[in-house]
Amino acid sequence: MLAGLVLLEALSIGLFAALLIRQQAHEVHEHMLQRLAHEANSMALQASEALQQQRPGWVGLSVKMMGEAPSVSFAKVTDPAGNVLFVSEGEPETTTLDPAERAQIPLVAPNEPRVFVFQGDRWEGVKPIVTGGDLRGFAWVESDRAWDFQQLNSVLRGTFIFGGIWIVASALLVLLMARSISQPLAILHRGTRALMNAPEQSDNFPLPVAVHNEIGELIEAFNRMVASIAEQRSGLNDTLSLLDSMLANAPIGLAFFDRRCRFVRVNQVFADMTGVSLSRHLGRTLPELLPQPVAQELENTVLRVFAEEGPVRNLELSGQGGPLKRGWTWLASAYPVRTNPQQVRWVGVIVLDASDRKRSEEALRKTEKLAATGRLAASIAHEINNPLEAITNLLFLLENFCQLEDTASNYVAMAQHEAQRIAEITQQTLRFYRQSTLPTRANLGELLDSVLSLYNGRLSTLNIQVERDYDAEMDLFCFAGELRQVFANLVGNAIDATTAGGRLAIRARRSRNWKDPEQTGVRFVVADTGTGMEPEVRERAFEAFFTTKEVTGTGLGLWVSHEIIVKHHGLVRLRSRTALAGQTAGTVFQIFIPDDPNLAAPAKLAAAATA
Ligand SMILES: Nc1ncnc2c1ncn2[C@@H]1O[C@H](COP(=O)(O)OP(=O)(O)O)[C@@H](O)[C@H]1O
Ligand SMILES: [Mg+2]
């Protein structure tokens, strides 16, 4: 643009110079004409004056003087017929009139000087010399063209010098303008492009403000605008990272759907719940990823939220399959997501895995039932005890004070035996119910016997061979009631797993901790030849509420047992395998309980766990 400006200026100066030259040339020409007329006039006057005073020699002198003038190349005087009398240079005889000059003679008016051109570009002025009304001759003055051109040249030189100075001054002005306008504008232009191409990149800004004019202010305003955009962007980024981290880390499943019920976004928890990878959700519909009828129900809910533009809360969805092998329960809420107040753009669904809660509720119901049954059994046992006492006493009287036949006394002995068994059962039942809260030194033989006698009925029905391998006199400082609970759970599970004709072994030996040989205590083994456990079951057997017994199981037995063992600072080890290529299936629980008189002290090794 600035170069264009300079060019325009040069052009206009050139045009101006051309016009000026034309004008000057014209003026110089006009001057020359006037001058020639004047010079011819004055020479004629001088000549007529000289002739009047009878001094023709002066005429020659005045011709010579005229010839000396710088603007005159040649001057001469002729007689009326055109014969040259005097010349400014050379001899009069050598000079004759040019035919063009001679042709002028009849055209010359008596009082007017005449100026004419001849031989192309020679200019000459001529004036008649008159004295007392008589024509005495003509005064001829020829202009010096070189002198004229010199005049024109000096004017031209002036013009060129002026033009040159003007162009240099303009260029300087343009340079100055370039510095203060075009350079900052270029910087601004580059800045705008940088902002458009890489809005994230901040090292291009702020733009340098080198000038203090309106453009400088414009650049400053631009810098402020860029800074405020950057600030807004960083605020937006903060909010986005906040939302992202919430979406990624919230312990709830989150999914967003468009109007066609396709997933637009889900979080990892949701992906874990459906068992499909995060990216595979996008663009798919619910029936493609979830089993029916849950998919349909959830889809209807999403559509309902789009239609009603209001949230739907606490929808309970239950299904089978997916990553959790067992049944699962979800608690879902759906709500509209608006990007402007008039329109619902997406529907967000929050899903909470309520399977554990559901299972705990069920287990709690079962445990409550069990506890109530236990209480009922205890009160029945208590009630039975009194009449049983009476029966035992009566049988004693019958045996000792009546003369009975042998057969009758046999029957009495059998009745006494059975009454004794009833008494034992009621006693065990009561013992289970009334658990002591303080550790005592308990007899282990008695403790294990009491557990087995509790399962006597089932053991003999299933014809399970029981192998007892423990010293009847062995004792241990422990919470006897709770330890009894542990063995009841283990024996109960073993019987659950064993089919008719199986074997069950219970052992107890004084031993040392297998992790810390310094520590002495008792090692128990409960082993069965039952079905055994698959590795996944073995992994999770100690988890609360983990059970493979759909209806009858609570999944609490091993969990409670583990807690009790930890409370005793003990250890438990589980080995189990299912029937595989001729190997017998079975399960072995090994338990070590330290014989620790300081047991009542708070558990230090609460973490001492499965090994
Ligand atoms: N002796 C065993 N043989 C085979 N499986 C067992 C044995 N003991 C426990 N299990 C498995 O461990 C699971 C958890 O046992 P438990 O905590 O006692 O709960 P529940 O007996 O109520 O199922 C059982 O469901 C069963 O699958
Ligand atoms: Mg159990």
Side-chain angles (χ1 to χ4, degrees), residues 324-327 355-356 358-374 377 432 435 448 451-452 454-455 457-459 461-469 481-508 523-568 570-580 583-591 609-611:
L324 303 166
K325 294 208 178 70
R326 288 184 292 145
S355 316
D356 278 348
K358 192 86 178 164
R359 271 197 290 278
S360 341
E361 279 172 9
E362 251 162 44
L364 200 68
R365 257 201 305 282
K366 264 188 215 166
T367 355
E368 269 166 11
K369 240 190 267 172
L370 282 178
T373 321
F432 265 99
Q435 288 178 355
L448 294 173
V451 171
L452 285 172
L454 196 70
Y455 289 105
R458 287 182 69 197
L459 285 169
T461 319
L462 284 168
N463 191 22
I464 294 173
Q465 213 179 314
V466 180
E467 179 196 315
R468 302 172 199 231
D469 181 5
E482 293 181 17
L483 217 53
R484 184 179 289 116
Q485 184 71 51
V486 170
F487 292 108
N489 287 335
L490 295 184
V491 172
N493 282 343
I495 296 172
D496 287 341
T498 312
T499 41
R503 275 179 294 131
L504 166 69
I506 299 185
R507 262 172 241 136
R523 187 190 293 205
F524 300 89
V525 173
V526 178
D528 66 67
T529 57
T531 53
M533 302 180 213
E534 297 286 351
E536 316 79 88
V537 176
R538 199 171 55 219
E539 290 278 299
R540 303 184 58 195
F542 288 95
E543 262 176 41
F545 306 118
F546 175 80
T547 179
T548 54
K549 303 163 196 169
E550 282 295 313
V551 191
T552 52
T554 61
L556 290 173
L558 287 182
W559 178 68
V560 166
S561 304
H562 182 249
E563 295 292 304
I564 294 171
I565 292 164
V566 169
K567 185 175 169 183
H568 283 85
L571 296 170
V572 59
R573 200 145 65 170
L574 158 63
R575 261 186 263 144
S576 182
R577 63 163 183 238
T578 47
L580 250 181
Q583 292 178 317
T584 34
T587 303
V588 179
F589 283 93
Q590 284 190 64
I591 295 163
T610 6

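We number each residue from 1, following the sequence as shown. All values below were derived from every heavy atom in this structure, side-chain atoms included, with hydrogens, water molecules and symmetry-related copies excluded. Note that the coordinates shown come from a computational prediction; the quantities given were computed from them, not determined experimentally. Both ligands and their constituent atoms are indexed starting at 1 by order of listing.
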Check your understanding: Checking R577 side chain against T584 main chain: does a donor-acceptor pair fall under 3.5 Å?
Key -> yes
Point to revise | Flag, side chain of R538 to backbone of S576, donor-acceptor distance under 3.5 Å | key: yes
Exercise for review: Evaluate side-chain contact (heavy atoms from CB on, under 4.5 Å) for D496 paired with K549, printing each intermediate quantity in order.
Suggested key: CA-CA 9 Å; D496 287 341; K549 303 163 196 169; 2.9 Å; yes
Distance-only criterion, 3.5 Å: show the donor-acceptor pairs between side-chain atoms of residues 497-506 and protein atoms not counting sequence neighbours.
from: T498; atom 1: OG1; to: A494; atom 2: O; distance (Å): 2.5

Check your understanding: Given the rule in the side-chain contact (heavy atoms from CB on, under 4.5 Å) test, do R507 and R523 qualify, once you have shown the distances and angles that lead to the verdict?
Key -> CA-CA 8 Å; R507 262 172 241 136; R523 187 190 293 205; over 6 Å; no
Protein contact to [atom] [nearest heavy atom, distance to 0.1 Å]:
atom                    : answer
atom 8 (N) of ligand 1  : N493 CB, 3.3 Å
atom 23 (O) of ligand 1 : T547 OG1, 2.5 Å
atom 5 (N) of ligand 1  : M533 CG, 3.4 Å
atom 16 (P) of ligand 1 : L558 N, 3.7 Å
atom 2 (C) of ligand 1  : T587 OG1, 3.8 Å
atom 13 (C) of ligand 1 : F546 O, 4.1 Å
atom 21 (O) of ligand 1 : K549 NZ, 2.7 Å
atom 1 (N) of ligand 1  : D528 OD2, 2.9 Å

Practice item. Go through the steps to decide whether L558 and N489 satisfy the test side-chain contact (heavy atoms from CB on, under 4.5 Å), and finish with yes or no. Key: CA-CA 7 Å; L558 287 182; N489 287 335; 5.7 Å; no
Review point. Does ligand 1 have an atom under 4.0 Å from some heavy atom of V537?
Key: yes
Exercise for review: Please report the closest heavy-atom contact between G557 and S561, naming both atoms and the distance.
Suggested key: O-OG, 2.7 Å
Exercise for review: Identify the heavy atoms of Y455 and A488 that sit nearest to each other, and give their distance.
Suggested key: OH-O, 2.9 Å
**Study point:** salt bridge (charged side-chain N to carboxylate O under 4.0 Å, His left out) partners of E563, counting only residues at least two apart
**Key:** none
Check your understanding: Any side-chain heavy atom of V466 sitting closer than 4.5 Å to one from R468?
Key -> yes
**Study point:** F589 vs V525 side-chain heavy atoms within contact, under 4.5 Å
**Key:** no
Check your understanding: Going from CE on M533 to CD on E539, what distance comes out if it is rounded to the nearest 0.5 angstrom?
Key -> 11.5 Å
Exercise for review: For G553, take its heavy atoms, then give the atoms of ligand 1 lying under 4.0 Å from any of them.
Suggested key: 22 (O)
Check your understanding: Can you list the atoms of ligand 1 that are under 4.0 Å from a heavy atom of G557?
Key -> 16 (P), 17 (O), 18 (O)
Review point. Among L574, T548, V526, T529, whose heavy atom sits nearest atom 27 (O) of ligand 1?
Key: T548
Exercise for review: Using a 4.0 Å heavy-atom threshold (strictly under), name the region of L490 that reaches ligand 1: side chain, backbone, both or neither.
Suggested key: neither
Exercise for review: Using ring-ring contact (aromatic ring centres under 6.0 Å, His included) as the criterion, list what pairs up with F487, not counting sequence neighbours.
Suggested key: F524
Revision key, fill the gap. Taken by chain and residue number, the protein N/O/S atoms under 2.8 Å from the Mg ion (ligand 2) read N493 OD1
Exercise for review: Return yes or no for this condition: an N or O of G555 is under 3.5 Å from an N or O of ligand 1.
Suggested key: yes
